[in-house]
Amino acid sequence: MAKVTVSLPQGTRDFSADVVRKRNYIFNTIRHVFELYGFAPLETPAMENLDTLMGKYGEEGDKLIFKILNNGLDNPVKQEQIRADFEKVLEGKNTKTITERALRYDLTIPFARYVAMNYGQLTLPFKRYQIQPVWRADRPQKGRYREFYQCDADVVGSTSLLNEVELANIYATVFDKLGVEVEIRINSRKILAALAEICGGADKLTDITIAIDKLDKIGIEKVKEELSQRGLSDIQINTIEKYLSITGTNEEKLTAVTGLIGNTEVGKAGIEEIEYVLNFSQLSTHHSKLSIDLTLARGLNYYTGIIFEVKANNVQMGSIGGGGRYDDLTGLFGVSNVPGVGVSFGVDRIYDVMEELKLFPETVHTGVKVLFFNLGEQERKSAFALMQQLRAKDISCELFHEATKMDKQFKYAEKKQIPFVLILGSKELEDGTCVVKNLVSGEQKTILQTDILKEFI
RNA sequence: GAGGGUGUAGCUCAGUAGGUUAGAGCGACAGUUUGUGGCACUGUAGGUCGUGGGUUCGAGACCCAUCAUUCUCCCCA
């Protein structure tokens, strides 16, 4: 056999039939719930102008954007300019002559761009969902791919906390349906802002969030070290340690955090919005837990209110969903004062979790239902006619491609997990019957050809 | 960007301290079986041991480089 020399770009994958079916099961579940909650679909291009994306995801994020090389760089007329601009690229700057487009990095920024461009036409509040791949030039590892799907639902044009309640319920509903046990973590950037305020300045917010976000990974001592490196005083660090040591039930956490930052206006607001979402969500019934996580910060710095993150229980995997409220995402694109809130599902990680915990139902494997045996020229003509009758009734069938030993045809059906075979040989041809065999049970019976629809509908 | 692991048949992997002609299971194909699959038995095909250098009388094994892949950190879904 010839040596195969082709390969796939790092971090990308092909999906074979059974994987696609399982992925579709997840997509369909999410899409269905999005529709159920009144969200409408939107699709945007795989690529955006580089300007649209740059600077939206922080310094690290910018590095992970896949940039697209411009066409026509070999144009002799422009060579001098291009050489000069390429020097800038070597210094880490982007220039439009070299690259001006990039693959989308997430779905939120393209959505904000869409809202800004179409603001006048939208009925507010505007609720859209979007299920498309995104690309990141990250180094692949467990649960991390360079091409992966996000499923986002966002509401813009409303400051109502009802939206947060709805989105929390969407999370709970989807994971209940999929049978994945999760913990939906909730926090408010306002509480973090209040913490920064009593620690001497709003400008410390980013430093503080980056450090405390790592608590469960590196431990309290390392966090304190990092805070110290980031220029916080011992008194400030002491306050943060008090904040981080808050534990207990949701109610206990709220009481404790109120004692610490409840005297600040922003802190009070943050506590109130969490209380509101928690109380409202208790009205609906679902298994997934909604719990306060005061260390939850989220890297994206456009979040301003409630923030969410979803972790799967019983499995080692990064977050499988995240989101939050942003006050002014479209302001970056020239349309100010459009508040919004959204959540995102990471399908590829959800798939990995479900695979690891064996949560996919058997019924996901629905392929061909009936294989018609091919036992000769006359036989196959009759079989073909019968098969078309079933297909007309939406039953998927196949006729074996050549007249060969039954042995082979049986094995084909078995490998493709086709549950029924239909045998129509010379005997059956004569008396107008056919044999239906159930490959799972091994039972078979002879029926009239005219009764075939009854048999399978 | 930093640091580990792994590359041997289509797949999963053995390969002992460096020593003839590199193995197993599964899979594929053919047959036992020209109208009944799964089981069993028999046989066949398939590998310049990721690639390139080096050490050695001798390398799948040891050393260096390189590529691929995987995992961890950073960050994230």
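Chain identifiers are assigned alphabetically (A, B, ...) following the order of the sequence lines, protein sequences preceding nucleic acid strands; residue numbering begins at 1 within each chain.
For A:Met406, the side-chain atoms get nearest to B:U36 when compared with the rest of B:G1, B:G38, B:U36. Residue A:Tyr145 places its side chain closer to B:A77 than to any other of B:G31, B:A77, B:G1. Taking only side-chain atoms of A:Phe410, from C-beta outward, the nucleotide of B:U72, B:G37, B:G35 with the closest atom is B:G37. The listed nucleotides are B:G37, B:U72, B:C75; the one nearest the side chain of A:Asp407 is B:G37. Among the nucleotides B:G1, B:U36, B:A30, the one closest to the side chain of A:Lys408 is B:A30. You'll find that the side chain of A:Leu439 is closest to B:G37, out of B:A77, B:G1, B:G37. Ranking B:C74, B:U36, B:A77 by closeness to the A:Phe148 side chain, first place goes to B:A77. Comparing B:C71, B:U36, B:A77 against the side chain of A:Arg144 picks out B:A77 as the nearest. Listed nucleotides B:C76, B:A28, B:U72 differ in distance to A:Lys415; the shortest reach to its side chain belongs to B:A28. You'll find that the side chain of A:Lys427 is closest to B:G35, out of B:G35, B:A2, B:U36.
B:G23 and B:G38: their P atoms are spaced 31 Å apart (whole Å). For the C1' atoms, the distance from B:U44 to B:G37 is 23 Å, rounded to whole Å. Spacing of C1' atoms, B:G47 relative to B:U51, comes out at 16 Å, to the nearest Å. Nucleotides B:G27 and B:G58, compared at atom P, are 42 Å apart to the nearest Å. Spacing of C1' atoms, B:C41 relative to B:A14, comes out at 26 Å, to the nearest Å. Taking atom C1' on both B:G53 and B:C71, the two are 29 Å apart, rounded to the nearest angstrom. Here, B:G60 and B:C74 have their P atoms 41 Å apart, quoted to the whole Å. Taking atom C1' in both B:U8 and B:C13, one finds a spacing of 9 Å when rounded to whole Å.
In this model, the phosphate group of B:U72 is approached by a side-chain N or O of A:Gln141 to a distance below 4.0 Å at OP1 or OP2. Remark: A:Arg298 is in phosphate contact with B:A77, judged by side-chain N or O atoms under 4.0 Å from OP1 or OP2. The phosphate of B:U69 (OP1 or OP2) has a side-chain N or O of A:Gln10 nearer than 4.0 angstrom.
Here B:A77 sits opposite no nucleotide as a Watson-Crick or G-U wobble pair (both hydrogen-bonding atom distances under 3.5 Å). Using N1 to N3 plus N6-O4 or O6-N4 for Watson-Crick, or N1-O2 and O6-N3 for G-U wobble, each under 3.5 Å, B:G25 pairs with B:C11. Summarising the base pairing, B:G19 is matched to B:C57 through a Watson-Crick or G-U wobble pair whose two defining distances lie under 3.5 Å. Base pairing annotation: B:C41 forms a Watson-Crick or G-U wobble pair with B:G31, both donor-acceptor distances under 3.5 Å. Across all strands shown, B:U66 forms a Watson-Crick or G-U wobble pair, both distances under 3.5 Å, with B:G50. Nucleotide B:G3 forms a Watson-Crick or G-U wobble pair with B:C71, both donor-acceptor distances falling under 3.5 Å.
Between A:Lys411 atom NZ and B:C29 atom P there is a gap of 8 Å when expressed in whole angstrom units. Atoms CG (A:Asp138) and C1' (B:G1) sit 11 Å apart, rounded to a whole Å. Per the geometry, CZ belonging to A:Arg13 stands 10 Å off P belonging to B:U70, to the nearest Å. A:Glu309 has its CD atom 9 Å from the P atom of B:C76, to the nearest Å. As rounded to whole Å, 15 Å separates atom C1' of B:U70 from atom CG of A:Leu8. For A:Asn374 and B:G35, the CG to P distance is 13 Å, given to the nearest whole Å. When the P atom of B:G35 is taken as reference, atom CD of A:Glu430 falls 15 Å away, rounded to whole Å. A straight line from CG of A:Asp348 to P of B:C76 spans 18 Å, rounded to a whole angstrom.
Contact of the A:Val174 side chain with the A:His32 side chain is not registered, since no non-hydrogen atoms from C-beta on lie closer than 4.5 Å. The side-chain heavy atoms of A:Leu167 and A:Phe39, taken from C-beta on, include a pair separated by under 4.5 Å. At a threshold of 4.5 Å between non-hydrogen side-chain atoms, the residues A:Leu429 and A:Leu424 count as touching. Considering only heavy atoms from C-beta on, A:Tyr145 comes within 4.5 Å of A:Asp352 through its side chain.
A:Lys63 has a carboxylate O that lies under 4.0 Å from a charged side-chain N of A:Glu60, or vice versa, which qualifies the two as a salt bridge. Contact check on A:Asp106 versus A:Lys56 returns no salt bridge, with no Lys/Arg side-chain nitrogen under 4.0 Å from an Asp/Glu carboxylate oxygen.
Within the 4.0 angstrom heavy-atom criterion, base atoms lie near A:Glu428. Note on A:Gly61: nothing from the nucleic acid sits closer than 4.0 angstrom, heavy atoms only. Using a 4.0 Å heavy-atom criterion, one finds that A:Ile423 contacts the bases of the nucleic acid, with or without backbone contacts as well.
Checked by distance alone, A:Lys405 brings no side-chain donor or acceptor within 3.5 Å of a matching partner on the base of B:U34. In this model, no side-chain donor or acceptor of A:Gln444 finds a partner on the base of B:G37 within 3.5 Å. At a cut-off of 3.5 angstrom, counting only N and O atoms as typed in the model, there is a donor on one side and an acceptor on the other between the side-chain of A:Arg349 and the base of B:C76.
By the 30° and 60° cut-offs, the orientation of the rings of A:Tyr326 relative to A:Tyr303 is tilted. A tilted orientation is assigned to the rings of A:Phe34 and A:Tyr129, their planes being inclined by 30° to 60°. A tilted orientation is assigned to the rings of A:Tyr351 and A:Phe360, their planes being inclined by 30° to 60°.
Heavy-atom nearest nucleotides on RNA chain B were determined for A:Ser441 and for A:Arg136, and the one closer to the 5' end corresponds to A:Ser441.
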